[in-house]
Amino acid sequence: MAQGSQTLERGVELLKLVAAHHPEGLRLTDLVQLSGLEFPTAHRLLASLLREGLVAQQETGKRYVLGQYCQQLSLAAHNKAPVQNIYAPLLEDIASTTSDATFLVIQSGLDTLCIARALGTYVIQALAVSVGHRQPIGVGAGGLAMLAAMPHKDADALIRTNGDRLPYYRNLSTTELKKMVSQARADGYAVIGNYAVSGVVGVGVALHDAMGNIIGGVSVASIKSRMNKERQQQVAEQIKRSMSLFLERG
């Protein structure tokens, strides 16, 4: 058996064990015993699964449970239409009411992936990212909102792992990103500017399904002069209103 195939099968075996004991979780020692893998091998594979969001560690203790990306996979498996098609009306509504460009991103490993966007009517549209664009989670408003909505341990792990990549975005540091995550938790929405695109400020809110699972992040971007603090709050409130109405309509 090829080394790559064997590694994949072992990783999937660990994921299945975690799934079978979700949400109670399993300790690393439990997984070693159940899988028959050597401790270093199990630890290395779990670290990879953590990085990709397939498993997570509970807030208290060291038990492994299913990660946020598994929730996204479950949603995708149960929906007949792609996620971007399902939420296209939501993006159009937000873009129409705010008059600014609106984006939907999902988590993809250590990154956010933009899967949809809608244009507003304001004369200057801040097209911060295009569909298909990837960047470290938290560099943009949608990803920052997702970090704020995650369990603290999951968010901290993502920020720590991306530590070497963040400085490429106008010298963003892990310390600064953690501060912005804390502020987003306190405010109930995320604000970030100038890191992904100079002169552009984004306001983001985490998108949840009816069960409370994180689907992705929705953000509105505009030029800095148009997005003062008062308008940031107004935009965040509009995103939340549109999300609530969207969920009510089912």
Side-chain angles (χ1 to χ4, degrees), residues 68 71-72 74-76 78-108 112-133 135 137-150 180-181 183-193 196-197 200-250:
Q68 295 286 345
Q71 296 175 357
Q72 295 179 27
S74 175
L75 180 73
H78 285 85
N79 284 325
K80 295 180 180 180
V83 173
Q84 58 266 39
N85 292 355
I86 294 171
Y87 292 101
L90 172 63
L91 296 191
E92 294 289 348
D93 179 56
I94 295 171
S96 175
T97 52
T98 64
S99 299
D100 284 312
T102 304
F103 306 84
L104 172 61
V105 299
I106 60 172
Q107 183 182 354
S108 178
T112 51
L113 171 67
C114 180
I115 61 171
R117 75 180 186 185
L119 303 185
T121 56
Y122 186 65
V123 63
I124 302 176
Q125 292 292 291
L127 303 181
V129 297
S130 57
V131 174
H133 178 82
Q135 61 190 16
I137 188 167
V139 170
L144 182 58
M146 292 172 68
L147 286 176
M150 290 179 190
M180 288 189 285
V181 170
Q183 188 63 53
R185 288 180 179 132
D187 294 338
Y189 60 91
V191 177
I192 190 169
V197 181
V200 172
V201 175
V203 176
V205 177
L207 175 64
H208 297 82
D209 64 16
M211 301 298 292
N213 300 313
I214 299 175
I215 302 301
V218 173
S219 63
V220 170
S222 187
I223 54 175
K224 187 176 180 181
S225 60
R226 176 171 162 81
M227 195 69 90
N228 58 31
K229 193 163 185 65
E230 181 181 2
R231 187 160 191 277
Q232 291 169 13
Q233 185 173 358
Q234 292 172 350
V235 168
E237 290 173 352
Q238 181 57 57
I239 295 174
K240 291 179 180 180
R241 279 196 297 270
S242 294
M243 285 181 174
S244 295
L245 289 172
F246 183 83
L247 283 175
E248 287 175 9
R249 290 195 293 263

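Because only heavy atoms are used, hydrogens play no part in the values below, and waters and symmetry mates are left out as well, while side chains stay in. Being a predicted model, the structure only gives us computed values, none of them experimental.
- When the options Lys229, Met180, Gln232 are evaluated for a side chain to side chain contact (heavy atoms under 4.5 Å, CB included) with Val191, the one that passes is Gln232.
- Rounded to the nearest 0.5 angstrom, Leu144 CG and Ile192 CD1 are separated by 5.5 Å.
- Within the model, atoms CD1 of Ile214 and CE of Met146 stand 6.0 Å from one another, a figure rounded to the nearest 0.5 Å.
- Applying the ring-ring contact (aromatic ring centres under 6.0 Å, His included) test to residues at least two apart or on different chains, the pairs with a partner in residues 221-250 are Tyr87-Phe246.
- For Asn213, the side-chain hydrogen bond (donor to acceptor under 3.5 Å, both in side chains) criterion is met by Asp209, not counting sequence neighbours.
- Each ring-ring contact (aromatic ring centres under 6.0 Å, His included) pair with one or both residues in residues 209-245, not counting sequence neighbours, would appear here, but there are none.
- Counting heavy-atom neighbours within 6.0 Å of Lys224 NZ, excluding the residue itself, gives a total of 12 or less.
- For the ring-ring contact (aromatic ring centres under 6.0 Å, His included) condition, no pair includes a residue of residues 200-244, sequence neighbours left out.
- Contact between Val205 and Ala236 at its shortest, heavy atoms only, is CG2-O, 4.2 Å.
- Residues satisfying the side-chain hydrogen bond (donor to acceptor under 3.5 Å, both in side chains) criterion with Ser96, sequence neighbours excluded, are absent altogether.
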For residues 125-132, please give each side-chain donor-acceptor pair under 3.5 Å, one per line with the distance, not counting sequence neighbours.
| from | atom 1 | to | atom 2 | distance (Å) |
| --- | --- | --- | --- | --- |
| Gln125 | OE1 | Ala101 | N | 3.1 |
| Gln125 | OE1 | Gly120 | N | 2.7 |
| Gln125 | NE2 | Ser99 | O | 3.1 |
| Gln125 | NE2 | Tyr122 | O | 2.9 |

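- The distance from the CD1 atom of Ile215 to the CG atom of Leu104 is 9.5 Å, given to the nearest 0.5 Å.
- Taken to the nearest 0.5 Å, the OG1 atom of Thr102 stands 8.5 Å off from the CG atom of Leu90.
- For residues 241-250, every residue pair satisfying the side-chain hydrogen bond (donor to acceptor under 3.5 Å, both in side chains) rule, not counting sequence neighbours, is listed here: Asp93-Ser242, Gln238-Arg241, Gln238-Ser242.
- Going from atom CG of Leu245 over to atom CE of Met243 covers 12.0 Å, rounded to the nearest 0.5 Å.
- How far CG of Leu147 is from CZ of Arg185: 8.0 Å, rounded to the nearest 0.5 Å.
- Residues satisfying the salt bridge (Lys or Arg N to Asp or Glu O under 4.0 Å) criterion with Arg226, sequence neighbours excluded, are Asp100.
- Nearest heavy-atom pair across Ser222 and Met227 is CB-CE, 3.7 Å.
- In this structure Glu92 satisfies the side chain to side chain contact (heavy atoms under 4.5 Å, CB included) test together with Ala118, sequence neighbours excluded.
- With hydrogens and angles disregarded, no donor-acceptor distance shorter than 3.5 Å links the side chain of Gln135 to the backbone of Thr112.
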